[in-house]
Amino acid sequence: MEDGAFESVDFVREKVEHDIESQRFGGRVQTRFPPEPNGFLHVGHAKSIYLNFGIASEYGGVCFLRFDDTNPETEDTSFVDAIQEDLEWLGVTPAGEAKYASDYFGQLYDWAEVLINKGLAFVDDQDAETISEQRGGFGQPGVESPYRDRSIEENLGLFRGMRDGLFADGEKVLRARIDMQADNMWLRDPVLYRIRRIPHHRTGTDWIIYPTYDWAHGQSDAIEGVTHSICTLEFADHRPLYEWCLSHLDLPGDTPEQTEFARLNITHTVLSKRILRTLVEEGHVSGWDDAQMPTVRGMRRRGYPAGALQAFVDRVGVAKSNSTVEVELLESFVRDDLNASAPRRMAAVNPVKVVITNWPTGEVEWMEVANHPQNPDAGTRLVPFSGEVYIEQDDFRMEPPPKYYRLTPGREVRLRNAYLVTAVDAEVDADGNVVQVNCTYDPETKGGNAPDGRKVKSTMHWVSAEHALDATVHQYNRLFSDSHPGSDGADPLESLNPNAHQIFNAKVEPALGEVEPGQVVQFERLGYFAADLDDATVFHRTVGLRDEWANIQKRKKN
Ligand code: ATP
Ligand code: MG
């Protein structure tokens with residue numbers, strides 16, 4: 001890094017810099033992002049992605065995408081494709097073609113025989129339950145398997161028999177032969193291979209034995225030439241096993257080193273694939289790409305820019321112990337990004353019609369309105385104004401509560417970029433709902449200012465009725481009411497917010513007829529809204545206008 005001398009770097013980068021200096025790995029840097037293709041990527045994965053790809057690019061290294069596809073039961077090519085699409089959207093480019101742990105099944109098998117030949121692995125005939133019971137626990141001794149001392153020849157014969165289909169699923173496993181009394185549970189003769197007659201999405205029926213995560217991961221790193229194998233803290237306990245496996249394979253040169261960092265946790269958010277899957281399967285959301293999901297696809301539909309996700313994870317940084325970040329911080333990065341980029345538009349959500357009784361019948365005036373108040377380069381557009389406009393129901397009250405400065409009979413307000421109008425009366429239906437507000441306008445106030453300098457207390461947005469387009473607006477509140485859903489052993493689904501999602505009709509200005517799917521605009525006074533990826537007459541509220549994060553920081557200081 002050019003200005004590395006002035007910037008303090010996190011502990012992972014520190015380690016990388018140290019290794020470059022000492023010419024470990026010949027000064028090379030190679031990282032990888034290793035998803036299991038059994039679900040969609042979420043914002044937690046984005047953190048790992050930006051860390052791994054970021055380190056590679058900052059230090060002149062490379063980062064590969066490797067699918068950790070060792071469990072055919074839950075994995076599928078559809079996830080492989082989706083993960084690659086999501087990476088592209090996040091703006092990272094893996095070095096070369098995607099890699100697959102399944103490409104190494106042959107080498108992994110051969111290395112398992114190497115262990116057997118060294119007396120470091122054995123075939124166990126016991127079932128999974130017995131093996132797990134014998135593992136013991138912390139401070140509780142492990143029990144050695146009665147099959148632990150089989151001869152090398154017998155083990156080789158049985159392991160080949162496992163591969164060649166001589167045994168039923170679950171009848172035998174291959175285990176490392178390490179130490180049943182090790183303090184680290186992962187060293188208590190962990191399972192390396194299981195028999196599973198399940199076709200694999202890439203290797204089909206070539207294999208009926210599959211390596212476990214622990215046998216596949218470090219060896220895949222070594223095959224690819226990974227230098228820094230960066231993963232989340234829950235794998236810290238696996239590190240001695242990672243190192244044990246590599247140390248017994250007589251590999252040339254420096255073997256990869258595992259480094260763990262704290263996973264990303266966000267308030268009011270669940271980042272467990274299992275629970276996200278339950279949300280989808282039980283219909284709490286419409287799919288993995290629902291705008292309420294913390295998945296990359298969900299956030300994309302919601303209108304979160306990839307750049308905001310990257311800025312957010314950079315700001316959160318890399319830590320050695322787990323913590324939870326406020327979701328408002330993420331939203332403030334999204335808001336800052338959109339504030340700079342999103343064109344301004346007008347939309348009336350839950351509209352009510354306003355009739356301007358002294359407007360010349362049939363006349364339409366086209367107002368030239370800036371697309372972005374701080375950025376003249378964003379240009380202007382023409383917005384039609386006429387004798388009937390829509391405003392929001394919330395912007396009119398027959399009987400105003402205290403401190404209500406918006407429209408009410410007898411009061412003058414500004415219709416932004418148009419005229420000052422004064423409400424006269426309103427028409428109400430049998431249920432007491434206001435169905436039409438009648439106003440007069442002052443023709444001397446074009447642009448919204450009175451020549452006599454009189455002031456009004458509020459400025460409202462509006463949409464010409466004759467020119468308005470119909471739209472549907474999805475409003476979102478927190479999906480989980482609890483700030484830490486699932487903490488203290490609770491079921492996170494119990495804190496699902498029943499009011500998380502509301503749908504409203506809206507009238508929007510004609511320029512929104514040209515919005516691109518996925519484009520985000522600011523609806524003035526309301527927030528940022530993303531046109532749906534499949535139907536651009538549907539808008540998802542991305543984030544509101546107010547910076548809740550700043551408020552939280554202020555409250556913390558007081
Ligand atoms: P599981 O293994 O339970 O299916 P996972 O979320 O760990 O779920 P993987 O596909 O194994 O899914 O994850 C790929 C990479 O992303 C791993 O290196 C993992 O450590 C990292 N990762 C997953 N969740 C987070 C998170 N919340 N914060 C940071 N990194 C994460
Ligand atoms: Mg995992």
Side-chain angles (χ1 to χ4, degrees), residues 10 12 31-56 63-76 78-84 86-87 90 92 94 98-102 201 211-214 216-218 220-221 224 226 228-239 242 256-280 288 293-299 309-310 312-325 327 329-330 484-486 492:
D10 58 68
V12 181
T31 55
R32 82 286 171 269
F33 173 64
E36 190 179 351
N38 65 353
F40 292 89
L41 299 182
H42 55 59
V43 59
H45 296 120
K47 171 160 186 172
S48 169
I49 289 164
Y50 287 127
L51 179 62
N52 279 293
F53 283 90
I55 285 178
C63 180
F64 285 96
L65 166 64
R66 177 171 78 238
F67 290 101
D68 224 336
D69 55 349
T70 56
N71 181 3
E73 226 163 317
T74 54
E75 297 163 359
D76 193 74
S78 65
F79 294 122
V80 168
D81 296 341
I83 287 170
Q84 284 177 302
D86 286 352
L87 283 174
L90 287 169
V92 300
K99 308 206 170 273
Y100 298 84
S102 56
H201 63 103
T212 54
Y213 169 87
D214 287 301
H217 201 84
S220 300
D221 285 342
E224 291 170 2
V226 168
H228 298 83
S229 180
I230 303 165
C231 63
T232 37
L233 280 177
E234 63 272 26
F235 291 101
D237 288 349
H238 296 240
R239 190 179 348 120
Y242 180 102
E257 183 182 8
Q258 175 180 308
T259 301
E260 310 88 15
F261 70 98
R263 60 190 294 121
L264 178 67
N265 299 305
I266 304 177
T267 55
H268 298 283
T269 306
V270 156
L271 295 180
S272 141
K273 271 190 221 167
R274 188 178 55 80
I275 296 163
L276 295 177
R277 186 174 301 119
T278 308
L279 290 177
V280 174
W288 287 93
M293 290 284 269
T295 51
V296 170
R297 321 204 125 200
M299 293 187 160
L309 294 183
Q310 180 163 13
F312 164 70
V313 301
D314 281 354
R315 161 69 186 272
V316 170
V318 184
K320 281 186 192 174
S321 63
N322 283 317
S323 64
T324 302
V325 184
V327 67
L329 178 64
L330 169 57
H484 294 74

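This structure is a prediction, so every number in the text was calculated from the model and none was measured. Each ligand, and each atom within it, is numbered from 1 in the order the structure gives. Only this structure's heavy atoms are used, side chains among them; waters, hydrogens and symmetry mates stay out.
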inquiry  = Under a 4.0 angstrom heavy-atom cut-off, which atoms of ligand 1 come close to Lys273?
reply    = 4 (O), 5 (P), 6 (O), 8 (O), 9 (P), 10 (O), 12 (O)
key: Pair Val226-Phe64, side-chain contact (heavy atoms from CB on, under 4.5 Å): steps then yes or no   = CA-CA 9 Å; Val226 168; Phe64 285 96; 5.8 Å; no
ask   = Which atoms of ligand 1 sit under 4.0 Å from any heavy atom of Glu36?
value = 9 (P), 10 (O)
query = When you measure from atom 22 (N) of ligand 1 to each heavy atom in His45, Glu260, Arg32, Arg263, which option holds the nearest one?
reply = His45
N-O pairing of Lys99 and Glu224 below 4.0 Å = no
request  = Please say whether Leu264 places an N or O atom under 3.5 Å from an N or O atom belonging to ligand 1.
outcome  = yes
ask   = Considering only heavy atoms of Pro34, which atoms of ligand 1 have at least one such atom less than 4.0 Å away?
value = 14 (C), 18 (O)
remark   = On a heavy-atom basis, the closest approach of Arg32 and Ile230 is NH1-O, 3.0 Å
key: Side chains of Asp214 and Thr212, donor plus acceptor under 3.5 Å   = no
note = Heavy-atom closest pair (Thr324 atom, Ile266 atom, distance to 0.1 Å) is CG2-C, 3.7 Å
Side-chain (Asn38) to main-chain (Thr74) donor-acceptor, under 3.5 angstrom = no
task = Could you check whether the rings of Tyr100 and Phe67 sit parallel, tilted or perpendicular, using 30° and 60° as the cut-offs?
result = parallel
message = Under 4.0 Å, counting heavy atoms only: does His42 come that close to any atom of ligand 1?
response = yes
message = Would you call the rings of Phe40 and Trp288 parallel, tilted or perpendicular, taking 30° and 60° as the class edges?
response = tilted
ask   = Looking at Thr232, which atoms of ligand 1 are within less than 4.0 Å of one of its heavy atoms?
value = 19 (C), 20 (O), 29 (C), 30 (N), 31 (C)
query = By number and element, which atoms of ligand 1 are closer than 4.0 Å to a non-hydrogen atom of Pro35?
reply = 10 (O), 14 (C)
remark   = So the atoms of ligand 1 within less than 4.0 Å of a heavy atom of Asn38 turn out to be 4 (O)
inquiry  = I'd like to check whether Glu234 has a polar contact with ligand 1, where a contact means an N/O of the residue lying under 3.5 Å from an N/O of the ligand.
reply    = no
message = Test your reading of the structure: does Gly44 have an N or O sitting under 3.5 Å from an N or O of ligand 1?
response = yes
